[in-house]
Amino acid sequence: QVQLVESGGGLVQFGGSLRLSCAASGFTLDYTAIGWFRQAPGKEREGVSCISTSDDSTEYADSVKGRFTISRDNAKNTVYLQMNSLKPEDTAVYYCATDLVRRCYPVHIATKDTYRYWGQGTQVTVSS
């Protein structure tokens, strides 16, 4: 049974940092791309970042490039999203997702219908 569990969200001040975790079970992370998404109130779910396994490549939305870093610890079956220099517009529920494929779907076109499996989400709130 495929399961993804996000953690690490919380309330942080403008300019602060958080590290989100996505713990995977029911499949081997070594061969599976993982994406991070976020959804702010009243807005569509949008792709934030993704890490592939085929070549260890990473992708980022323009809005987070240079501030967020995605990484993977295969031994722990966990993917991380390090978020630095946080802004109020980063406030959203953050989700990790997988479609059990090795390569990422392009972050800028991935939607909630692109991936089959989702975590429950973790709230990130950035105060100004």
Side-chain angles (χ1 to χ4, degrees):
Q1 180 181 356
V2 174
Q3 191 172 14
L4 300 168
V5 179
E6 302 95 336
S7 62
L11 174 64
V12 64
Q13 289 188 333
F14 177 85
S17 298
L18 282 174
R19 188 177 79 157
L20 305 184
S21 299
C22 172
S25 61
F27 64 97
T28 303
L29 198 58
D30 306 48
Y31 307 111
T32 309
I34 299 291
W36 280 99
F37 288 74
R38 66 187 181 187
Q39 187 165 15
K43 294 189 175 182
E44 294 289 322
R45 193 169 298 186
E46 62 174 0
V48 173
S49 183
C50 189
I51 185 164
S52 293
T53 59
S54 57
D55 56 0
D56 245 4
S57 62
T58 57
E59 298 183 40
Y60 299 93
D62 289 343
S63 58
V64 306
K65 275 181 185 175
R67 300 188 298 122
F68 289 12
T69 303
I70 191 171
S71 62
R72 184 179 63 233
D73 186 335
N74 290 341
K76 294 184 179 180
N77 232 36
T78 300
V79 172
Y80 302 98
L81 186 68
Q82 177 67 43
M83 306 187 298
N84 299 328
S85 302
L86 283 163
K87 307 173 182 179
E89 49 263 45
D90 295 317
T91 295
V93 178
Y94 283 72
Y95 301 89
C96 60
T98 185
D99 204 35
L100 299 183
V101 296
R102 293 176 67 91
R103 297 188 65 179
C104 289
Y105 300 112
V107 167
H108 66 285
I109 64 172
T111 69
K112 63 179 177 61
D113 297 320
T114 305
Y115 289 81
R116 285 177 287 169
Y117 303 99
W118 295 83
Q120 83 290 348
T122 185
Q123 176 70 48
V124 171
T125 303
V126 184
S127 62
S128 56

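Hydrogens, waters and symmetry mates play no part in the numbers below; they use all other heavy atoms, side chains included.
- Within the cation-pi definition used here (under 6.0 Å to the ring centroid, within 45° of the axis), R45 does not qualify as a partner of F37.
- Rounding to the nearest 0.5 angstrom, the gap separating the CG atom in L100 from the OH atom in Y117 is 5.0 Å.
- Rounded to the nearest 0.5 angstrom, Y31 OH and N74 CG are separated by 9.0 Å.
- Residues passing the side-chain contact (heavy atoms from CB on, under 4.5 Å) test with A23 are T78, sequence neighbours excluded.
- Considering every non-hydrogen atom in both S52 and C104, the closest pair reads OG-N, 2.8 Å.
- Taking each heavy atom of L29 and A24 in turn, the nearest pair found is CD1-CB, 4.4 Å.
- For the pair L81 and F68, the minimum side-chain heavy-atom distance is below 4.5 Å.
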With side chain to side chain donor-acceptor pair (under 3.5 Å) as the test, would you mind laying out the steps for Y94 and R38 before giving the verdict? CA-CA 4 Å; Y94 283 72; R38 66 187 181 187; 3.0 Å; yes

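- Distance check: L20 CG to S49 OG gives 11.0 Å after rounding to the nearest 0.5 Å.
- Closest approach of W36 to S21, counting heavy atoms only: CH2-O, 3.7 Å.
- Linking ILVMFWY residues whenever their side-chain heavy atoms come closer than 4.5 Å, directly or via other members, places V124 and L4 in the same cluster.
- Partners of N84 under the side chain to side chain donor-acceptor pair (under 3.5 Å) rule, at least two apart in sequence or in another chain, are S17, Q82.
- Annotation: the span from T98 atom OG1 to Y115 atom OH amounts to 7.5 Å, rounded to 0.5 Å.
- Among all heavy-atom pairs drawn from V93 and Q123, the shortest one is CG2-OE1, 3.2 Å.
- A donor-acceptor contact shorter than 3.5 Å links the side chain of N77 to the backbone of F27.
- Tracing side-chain contacts under 4.5 Å through hydrophobic residues (I, L, V, M, F, W, Y), one reaches V48 starting from L18; they form part of the same cluster.
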Derivation and outcome, side-chain contact (heavy atoms from CB on, under 4.5 Å), residues T111 and Y105: CA-CA 10 Å; T111 69; Y105 300 112; over 6 Å; no

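- Counting heavy atoms of neighbouring residues, nucleotides and ligands inside a 6.0 Å radius, atom CD of E89 exceeds 12 of them.
- Scanning both residues, R72 and T53, for their nearest heavy atoms gives NH1-CG2, 3.6 Å.
- A donor-acceptor pair is defined here as one N or O able to donate and one able to accept, closer than 3.5 Å; no such pair exists between the side chain of Q39 and the backbone of A92.
- Between the NZ atom in K87 and the CZ atom in R67 there is a gap of 4.5 Å [rounded to 0.5 Å].
- Checked by atom type and distance alone, the side chain of Q120 never pairs as donor or acceptor with a backbone atom of V5 at under 3.5 Å.
- Judged by distance alone, with hydrogens and angles left aside, the side-chain atoms of Y60 form a donor-acceptor pair with the main-chain N or O of I70 at under 3.5 Å.
- Across all their heavy atoms, D62 and K65 have their closest contact at OD1-NZ, 3.2 Å.
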Given M83 and V12, is the side-chain contact (heavy atoms from CB on, under 4.5 Å) satisfied, shown in steps? CA-CA 11 Å; M83 306 187 298; V12 64; over 6 Å; no

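- To the nearest 0.5 angstrom, I34 atom CD1 is 14.5 Å from T58 atom OG1.
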